[in-house]
J.: 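Below is one structure. I have some questions about it.
Protein chains get the first letters and strands the later ones, always in sequence-line order, with residue 1 at the start of each.
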Amino acid sequence: MRAIITVVGKDKVGIIAAISSLLAQNNVNILDISQTIMQGFFTMIMLVDLQDCKLKFSELKDLLIKRGREIGVDVNMQHEDLFNSINRI
Amino acid sequence: MFTSQEIIETINMVKQSNLDIRTITVGINLFDCSSDIPQRFIDNMRKKIIKYAGNLKNVANEIEDMFGLPIVNRRVALTPISLLTFSYSYEDLIEVALAIDEIAKELEVDLIGGYSAAVHKSYDENTKKFISSIPDALASTDRLCSSVDVGTTRAGINLDVIAHLGFIIKDIAQKTKDKDSFGCARFVVFANAPDDNPFMAGAFHGTGEGDSAINVGISGPGVVKRALEEKKYASIDEIYETIKKMAFKITRAGQLVLQYASKKLQIPAGIVDLSLAPTPKVGDSIAEILEEIGLEKVGGYGTTFALALLNDAVKKGGAMAATFTGGLSGAFIPVSEDSGMVRAVEAGTLSLEKLEAMTSVCSVGLDMIVVPGDVEAEVISAMIADEIAIGVYNNKTTAVRVIPAYGKKEGDEVNFGGLLGRSKVMSVNRSSPKRLIERGGRVPPPIISLRN
């Protein structure tokens with residue numbers, strides 16, 4: 001299963017490290033990553049593969065949201081199919 | 001990979017524009033549960049509802065988690081109960097209603113529909129008894145929903161039952177007076193009721209349906225409004241096109257949820273109801289879309305025009321996004337559930353008469369309208385008759401969900417909370433249609449019924 005993770009917040013040192021290390025600890029492979037500053041906000045989008053992740057979807061999501069809160073950014077994870085459905089015919 | 005713009009847009013649809021799925025509704029056929037012993041019917045029904053909908057809440061929660069899409073309601077729709085309880089006494093009928101409500105609570109289902117009857121043609125003694133039980137059934141339950149079909153384009157209009165329903169609605173209002181006559185919000189009168197409608201209070205599992213089906217009702221007016229905000233100076237055809245595109249995207253989300261829920265619950269996928277349905281949240285309103293199209297306030301001239309194009313564009317955009325569509329597809333215009341509609345009533349720009357005109361082009365009809373508690377039953381019947389005529393003569397579904405709030409006067413406020421919202425009590429034309437309603441009988445179907 002693949003998912004899209006988005007991270008939005010005020011730019012600072014260590015955001016990518018904080019999120020990607022959490023993913024690595026849980027065997028989540030990052031397939032694609034893009035990062036930009038949009039309207040003054042740090043915005044990161046990741047496509048990840050959850051195949052080897054032992055956690056349930058909701059558990060991983062909660063961990064990500066919690067880690068995001070610790071470093072002051074909004075983290076979101078959604079199943080890839082939502083984006084496929086809405087944006088691809 | 002998706003472009004950042006696509007991803008941000010999709011996330012904003014949910015986070016900022018209130019895109020949500022209004023309901024996942026599991027329809028369940030109860031014909032094989034029937035028995036002339038009421039308790040046996042109740043036991044069979046309980047087993048069957050648990051079999052199909054026992055896991056509904058968990059699956060809906062899982063979908064919310066996976067896709068980040070809120071699902072506002074989990075619902076169950078049953079075979080019209082009147083078809084299964086012909087031999088039952090009044091007390092038995094109430095027992096059945098209580099049992100259904102209890103099952104809904106046990107499964108944490110928000111609403112359960114199907115305490116329903118279709119009397120567009122015949123109005124026999126058994127069905128009359130059933131309809132008479134609706135006030136007590138609704139007053140003694142919290143989640144049960146009820147509907148009565150009183151006319152179809154094929155069969156005509158049953159004025160006998162319409163005359164009766166004016167009194168029934170007043171009775172429901174009186175019996176639930178301690179909750180602002182909330183019971184009336186769980187009862188709807190239909191013309192041309194669809195079999196696969198996931199929206200309450202009118203959801204039931206029609207007789208042409210299989211053993212079970214999942215139907216999804218979508219929502220998302222905020223998404224359309226936001227898209228239109230970027231088209232301040234566009235011509236009306238461009239507005240139409242924008243609505244169509246957004247309707248497509250919203251419906252694709254609905255189709256995804258339908259497929260996922262169908263797989264998880266192992267119930268065949270039914271339809272996606274291509275609808276824009278408001279919630280009382282600001283920014284999630286049909287009225288605000290109409291105003292964004294160019295009206296100063298909903299209810300002014302141009303409102304019917306704007307609603308007609310909105311309704312059609314929603315259907316055209318959604319039709320390609322879903323495999324099977326059905327239900328009430330279009331735009332809903334309930335008053336109390338839509339913050340923009342409530343504001344227009346308060347400002348005095350939206351009258352019942354304008355709402356009636358709007359129902360000739362919307363997906364339902366006079367919906368969630370609060371009127372003074374002392375309005376005569378015949379006036380309510382006549383209000384129903386007008387609305388049913390619009391449906392029957394124009395070959396469309398129409399409905400009436402009106403709340404004569406007990407003890408309330410014009411201008412007072414009622415508050416139902418949650419999805420059902422709040423509203424000012426609207427003013428009503430009180431000239432008496434008593435002589436018309438008391439005639440009774442059945443109106444023959446219109447000439448368009450002779451199509452073959």
J.: When rounded to the nearest 0.5 angstrom, what distance separates OG1 in B/Thr10 from CG in A/Asn87?
T.: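 Going from the OG1 atom of B/Thr10 to the CG atom of A/Asn87 covers 4.0 Å.
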
J.: Would you say that B/Met66 contacts A/Met1 through its side chain, given a criterion of any heavy-atom pair below 4.5 Å between the two side chains?
T.: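 Yes, close enough: below the 4.5 Å cut-off.
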
J.: Under a 4.5 Å heavy-atom cut-off, does chain A meet the side chain of B/Gln255, its backbone, both or neither?
T.: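 Answer is neither: B/Gln255 stays 4.5 Å or more from chain A.
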
J.: Just verifying a value: how many Å separate A/Ser85 OG and B/Lys249 NZ, rounded to the nearest 0.5 Å?
T.: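 The distance works out to 12.0 Å.
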
J.: With chain B as the partner chain, list the residues of residues 12-32 of chain A whose heavy atoms fall under 4.5 Å from it, by residue number, and write 'none' if nothing qualifies.
T.: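 Under the 4.5 Å heavy-atom cut-off, A/Asp32 qualify.
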
J.: Go through B/Glu6 and A/Arg88 one step at a time and tell me if the salt bridge (charged side-chain N to carboxylate O under 4.0 Å, His left out) criterion holds.
T.: CA-CA 10 Å; B/Glu6 284 171 335; A/Arg88 299 281 180 270; 2.7 Å; yes

J.: Are the side chains of A/Gln78 and B/Leu69 in contact, using a 4.5 Å heavy-atom criterion?
T.: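 Not touching, per the 4.5 Å side-chain cut-off.
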
J.: Quick one: OG on B/Ser4 to CD on A/Gln35, what's the gap to the nearest 0.5 Å?
T.: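 Here the rounded value is 10.5 Å.
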
J.: What's the separation between atom CG in A/Leu82 and atom OH in B/Tyr260, rounded to the nearest 0.5 Å?
T.: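 These two atoms lie 12.5 Å from each other.
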
J.: Heavy-atom cut-off 4.5 Å, strictly under: side chain, backbone, both or neither for A/Thr36 against chain B?
T.: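 Neither part.
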
J.: Given side chain to side chain contact (heavy atoms under 4.5 Å, CB included), test B/Asp65 with A/Lys56 step by step and report yes or no.
T.: CA-CA 10 Å; B/Asp65 253 339; A/Lys56 280 205 284 193; over 6 Å; no

J.: Name the option with the most non-hydrogen atom pairs under 4.5 Å to chain A; the candidates are B/Thr251, B/Ile11, B/Thr3.
T.: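 Of the candidates given, the most pairs with chain A belong to B/Ile11.
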
J.: How far does CD1 of B/Ile7 sit from CD1 of A/Ile5, to the nearest 0.5 angstrom?
T.: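 The CD1 atom of B/Ile7 sits 11.0 Å away from the CD1 atom of A/Ile5.
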
J.: Where does the angle between the aromatic ring planes of B/Phe67 and A/His79 fall among parallel (under 30°), tilted (30 to 60°) and perpendicular (over 60°)?
T.: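 Geometry flag for A/His79 against B/Phe67: tilted rings.
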
J.: CD of B/Glu9 to CZ of A/Phe83: how many Å apart, nearest 0.5 Å?
T.: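 Those atoms lie 11.0 Å apart.
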
J.: If you count the non-hydrogen atoms of other residues, nucleotides and ligands that lie under 6.0 Å from NZ in B/Lys105, is the total more than 12?
T.: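 Correct, the count exceeds 12.
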
J.: Less than 4.5 Å to any heavy atom of chain B: does that hold for the side chain of A/Phe57, its backbone, both, or neither?
T.: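 For A/Phe57, the side chain is the part near chain B, not the backbone.
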
J.: Can you find a pair of side-chain heavy atoms, one from A/Ile86 and one from B/Met13, that are under 4.5 Å apart?
T.: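 Of all side-chain heavy-atom pairs linking B/Met13 with A/Ile86, at least one is under 4.5 Å.
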
J.: Flag the pair B/Lys15 / A/Asn76 as yes when at least one side-chain heavy-atom distance between them is below 4.5 Å, and no otherwise.
T.: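 The answer is yes; the side chains approach within 4.5 Å.
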
J.: Just wondering, do B/Phe248 and A/Ile89 contact through their side chains at under 4.5 Å, heavy atoms?
T.: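 In short, these two side chains touch, coming nearer than 4.5 Å.
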
J.: Might you confirm whether atom CD of A/Glu70 has over 12 heavy atoms from other residues, nucleotides or ligands at distances under 6.0 Å?
T.: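 Count over threshold, so yes.
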
J.: Is A/Asn84 close to chain B through its backbone or its side chain, or both, or neither, when contacts mean heavy atoms under 4.5 Å?
T.: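 For A/Asn84, heavy atoms of backbone and side chain both lie under 4.5 Å from chain B.
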
J.: Between B/Leu256, B/Val14, B/Val257, which shows the greatest number of heavy-atom pairs under 4.5 Å with chain A?
T.: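 Between B/Leu256, B/Val14, B/Val257, the count favours B/Leu256.
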
J.: Is chain B contacted by the side chain of A/Ser34, its backbone, both, or neither, given a heavy-atom distance below 4.5 Å?
T.: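 Interface part for A/Ser34: side chain.
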
